[in-house]
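Only a predicted model underlies this, so the values are computations on that prediction, with no experimental measurement involved. A note on names: the letters A, B, ... follow the listed sequences, proteins ahead of strands, and every chain is numbered from 1.
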2 protein chains.
Amino acid sequence: MMTGHFSISDLAKEFEISTRTLRFYEEKGLLTPQRRGSTRLFSAADRVRLKLILRGKRLGFSLQESREIIDLYEPETANARQLQLLLDKIQQKRELLENQKREIDAMLRDLKRTEASCLAALTADSDGKD
Amino acid sequence: MMTGHFSISDLAKEFEISTRTLRFYEEKGLLTPQRRGSTRLFSAADRVRLKLILRGKRLGFSLQESREIIDLYEPETANARQLQLLLDKIQQKRELLENQKREIDAMLRDLKRTEASCLAALTADSDGKD
DNA sequence: TATTACGTTTACGTTAACGTAAAGATAGAA
DNA sequence: TTCTATCTTTACGTTAACGTAAACGTAATA
């Protein structure tokens with residue numbers, strides 16, 4: 001039935017995770033699905049949060065860290081003092097991410113060097129120099 | 001004494017990790033220090049490997065993944081067939097890293113948007129509109 | 001010589017992020 | 001109504017990456 005909501009297995013299939021994982025995320029307060037009786041009903045907002053959690057995972061963030069980042073997106077904090085705090089946190093996360101990018105670039109450079117010497121070795125072989 | 005080697009605590013201090021961590025990495029075959037008696041002697045090469053391991057950690061790689069990447073750097077594989085395999089692996093890792101970069105950029109864009117609306121809210125407040 | 005600093009091995013403990021199994025409720029199809 | 005699918009809760013198990021403690025060896029220093 002079209003309810004505008006997702007069942008637990010809907011999301012599990014879509015994102016190729018287990019239902020246990022979804023229940024675990026709720027248990028940890030990362031997702032807060034509604035209930036119809038005892039059955040969980042996930043909203044579009046829950047789905048977005050899930051996307052962010054999984055993206056965080058791919059970047060090597062812990063669930064706690066992902067939660068911190070996700071919480072930054074919620075503009076419930078309409079108070080100015082809180083907003084400044086929010087901006088500070090965003091700045092922190094930005095620096096962390098920029099650092100990650102730099103490390104990735106360093107790794108890519110290293111790989112490129114190794115690749116180059118591999119290719120050199122290969123072409124030397126195909127030159128039939130020996 | 002200048003031996004051209006590092007003691008376990010030398011490396012522990014330099015990289016701000018525990019000696020347990022270094023022993024653990026050896027146990028897992030990620031580092032292979034020599035021994036003088038029972039005491040570990042780490043070489044400059046060990047130190048480089050350690051750097052790569054820690055960089056991998058910061059990027060959210062498991063020790064197993066870090067090992068795979070590090071192994072790519074070792075040009076012991078002078079055989080052509082092996083070299084081609086090596087190039088394939090490098091390509092795989094490159095794609096993985098490029099993907100990570102894309103995800104980071106996505107995250108940075110999201111943060112930027114949130115930041116923008118925060119700033120908008122703040123300046124609206126300081127306008128004293130209410 | 002006794003203490004301090006540093007090294008060793010062995011082994012049990014811990015946290016995160018789930019996996020897996022048991023036992024049961026509910027709703028629609030055969 | 002019985003079967004099948006899908007949901008629930010509860011709870012013990014598992015892996016990675018170390019932490020922590022015990023018990024010991026060695027070497028320089030007070």
Side-chain angles (χ1 to χ4, degrees), chain A residues 1-43 46-47 49-71 96 103, chain B residues 1-43 46-47 49-71 96 103:
Chain A
M1 201 176 286
M2 264 301 300
T3 56
H5 292 100
F6 308 94
S7 79
I8 193 168
S9 53
D10 286 343
L11 290 184
K13 279 170 196 160
E14 177 177 358
F15 294 102
E16 296 184 306
I17 57 181
S18 70
T19 57
R20 174 71 175 91
T21 296
L22 286 161
R23 293 195 187 95
F24 180 74
Y25 289 167
E26 184 191 12
E27 198 181 317
K28 292 294 168 180
L30 288 160
L31 298 176
T32 49
Q34 297 176 251
R35 299 284 183 137
R36 184 179 48 191
S38 66
T39 300
R40 276 164 260 254
L41 291 182
F42 294 86
S43 68
D46 287 321
R47 188 168 163 282
R49 288 177 70 91
L50 179 56
K51 269 192 173 181
L52 294 173
I53 294 168
L54 296 178
R55 181 203 260 142
K57 274 199 58 175
R58 288 191 297 274
L59 292 175
F61 291 176
S62 71
L63 293 183
Q64 178 54 39
E65 289 172 322
S66 285
R67 164 152 46 183
E68 286 174 20
I69 290 187
I70 292 170
D71 288 346
L96 198 147
E103 307 236 32
Chain B
M1 202 176 286
M2 264 301 301
T3 57
H5 292 99
F6 308 94
S7 77
I8 194 168
S9 53
D10 286 342
L11 292 184
K13 279 170 196 161
E14 178 177 358
F15 295 101
E16 296 183 305
I17 57 180
S18 70
T19 58
R20 174 71 176 92
T21 296
L22 286 161
R23 294 196 187 94
F24 180 73
Y25 290 166
E26 184 191 12
E27 198 181 317
K28 291 294 168 181
L30 288 160
L31 298 175
T32 50
Q34 297 176 249
R35 298 285 184 136
R36 183 179 48 190
S38 66
T39 300
R40 274 164 261 254
L41 292 182
F42 294 86
S43 68
D46 286 322
R47 188 168 163 283
R49 289 177 68 91
L50 179 56
K51 269 192 174 181
L52 294 174
I53 294 168
L54 297 178
R55 173 149 91 205
K57 274 200 58 175
R58 288 191 296 273
L59 292 175
F61 291 176
S62 72
L63 293 184
Q64 177 54 38
E65 288 171 323
S66 286
R67 165 152 46 185
E68 286 174 20
I69 290 186
I70 292 171
D71 289 345
L96 197 148
E103 306 235 32

Distance check needed: dG7(C) P versus Gln34(B) CD, whole Å only.
17 Å
To the nearest angstrom, the CZ-P distance between Arg36(A) and dT26(C) comes to 14 Å
Rounded to whole Å, how long is the line connecting atom CZ of Arg23(B) with atom C1' of dT10(C)?
12 Å
Between Thr39(A) and dT6(D), does any side-chain N or O lie under 4.0 Å from OP1 or OP2?
no
Taking only side-chain nitrogens and oxygens of Ser38(A), does any of them come within less than 4.0 Å of OP1 or OP2 of dT9(D)?
no
Do Phe42(A) and Asp10(A) make a side-chain contact, defined as non-hydrogen atoms from C-beta onward lying under 4.5 Å apart?
no
Contact pattern, 5' to 3', of nucleotides 11-25 of chain C - B, S or - by protein heavy atom under 4.0 Å
B-----BBBB-----
Does CD in Gln34(B) sit with more than 12 non-hydrogen atoms of other residues, nucleotides or ligands closer than 6.0 Å?
no
In short, Phe61(B) meets Ser66(B) closest at the heavy-atom pair CB-OG, 3.8 Å
Checking Thr19(B) now: which residues fulfil side-chain hydrogen bond (donor to acceptor under 3.5 Å, both in side chains) with it, not counting sequence neighbours?
Arg23(B)
Greater than 12 external heavy atoms within 6.0 Å of Glu27(B)'s CD
yes
With a cut-off of less than 4.0 Å, is there a side-chain N or O of Arg40(A) near OP1 or OP2 of dC7(D)?
no
Test side-chain contact (heavy atoms from CB on, under 4.5 Å) applied to Leu50(A) and Ile17(A), Thr21(A), Ile70(A), Leu30(A), the passing residue
Ile17(A)
